[in-house]
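Remember, it's a predicted structure, so these values are computed and weren't measured experimentally.
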Amino acid sequence: MLLLAAALAVCAPGPRAHCVHDGDTVWIEGEKIRLQDIDAPELNGACEYETRLALLARDRLIVLLNSRRFEIARSGKDRYGRTLAIIHWGGRSIGDQLVAEGLARTWSGRREPWC
């Protein structure tokens, strides 16, 4: 699926259709998508460092998604019902870009502490 990246912002409370929740979860056309190739810090982090990094990751993901067209490669659902996918732009995973910038980690198959 090829989309024009535009008008994505931080998710507000209430119904979500087209927004970024955090560094690895987005809503696109009402579909909740989890970036399966990375682990980003949580907004309600266990320490101040994790929370700060989570905000940076979320805000950077918004910039990346709004910067150009992207493709969503879906691979199924997780136990929470989110679509698992890798989002690509410019021939590269957006998750890999966040990892390269130190805002996320490559997904190892389990959550690891940030603090």
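By the 4.5 Å side-chain criterion applied to Ile, Leu, Val, Met, Phe, Trp and Tyr, L55 is assigned to a cluster that also includes L43.
Note on V26 and V99: same hydrophobic cluster, where clusters join Ile, Leu, Val, Met, Phe, Trp and Tyr whose side-chain heavy atoms are under 4.5 Å apart, directly or indirectly. Taking hydrophobic clusters as Ile, Leu, Val, Met, Phe, Trp and Tyr residues chained together by side-chain heavy-atom distances below 4.5 Å, W107 does not share a cluster with I72. When hydrophobic clusters are built by joining Ile, Leu, Val, Met, Phe, Trp and Tyr residues whose side-chain heavy atoms come closer than 4.5 Å, directly or via intermediates, V63 is not grouped with L65.
Figure legend: R82 and W27 shown without cation-pi pairing, the cationic atom not lying both under 6.0 angstrom from the six-membered ring centre and within 45 degrees of its axis.
The line from CD1 of I28 to CZ of R16 is 14.0 Å long, rounded to the nearest 0.5 Å. The NE2 atom of H21 sits 11.0 Å away from the CZ atom of R34 when rounded to the nearest 0.5 Å. Note that CG of L56 and CG of L61 are 12.5 Å apart. Values are rounded to the nearest 0.5 Å. To the nearest 0.5 angstrom, R60 atom CZ is 4.0 Å from E101 atom CD.
Contacts of R105 classified as salt bridge (Lys or Arg N to Asp or Glu O under 4.0 Å), with partners at least two apart in sequence or in another chain: D39. Residues forming a side chain to side chain donor-acceptor pair (under 3.5 Å) with R58 (at least two apart in sequence, or on another chain): none. Shown here are the side-chain contact (heavy atoms from CB on, under 4.5 Å) partners of R110, two or more places apart in sequence or in another chain: S108, E112. When the side-chain contact (heavy atoms from CB on, under 4.5 Å) test is applied to A40, the partners found at least two apart in sequence or on another chain are D24, A104.
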Report the C-alpha distance between T25 and L35 in whole Å, list the side-chain angles of each, state the deciding distance to 0.1 Å, and finish with yes or no for side-chain contact (heavy atoms from CB on, under 4.5 Å).
CA-CA 6 Å; T25 306; L35 301 181; over 6 Å; no

Under the side-chain contact (heavy atoms from CB on, under 4.5 Å) criterion, do V20 and D59 qualify, and how do the steps go?
CA-CA 8 Å; V20 175; D59 294 349; over 6 Å; no

Could you give me the CA-CA distance, side-chain angles and deciding distance for E31 and R74, then say whether side-chain contact (heavy atoms from CB on, under 4.5 Å) is met?
CA-CA 11 Å; E31 179 183 21; R74 294 167 178 83; 2.7 Å; yes

Residues T83, K32; criterion side chain to side chain donor-acceptor pair (under 3.5 Å); working and verdict
CA-CA 6 Å; T83 298; K32 189 174 186 180; over 6 Å; no

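The shortest side-chain heavy-atom distance between I38 and L103 does not fall under the 4.5 Å cut-off.
Heavy atoms only, all atoms of each residue included: E50 and E42 are closest at OE2-N, 3.0 Å. Of all non-hydrogen atoms in L98 and G23, the two that sit nearest each other are CD1-O, 3.5 Å. In terms of heavy-atom proximity, N66 sits nearest to L8 at ND2-O, 2.8 Å.
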Table please: side-chain donor-acceptor pairs of residues 86-94 below 3.5 Å, with sequence neighbours left out.
from	atom 1	to	atom 2	distance (Å)
W89	NE1	L64	O	3.0
R92	NH1	Q97	OE1	2.9
S93	OG	D37	OD2	2.4
S93	OG	G95	N	3.0
S93	OG	D96	N	3.2

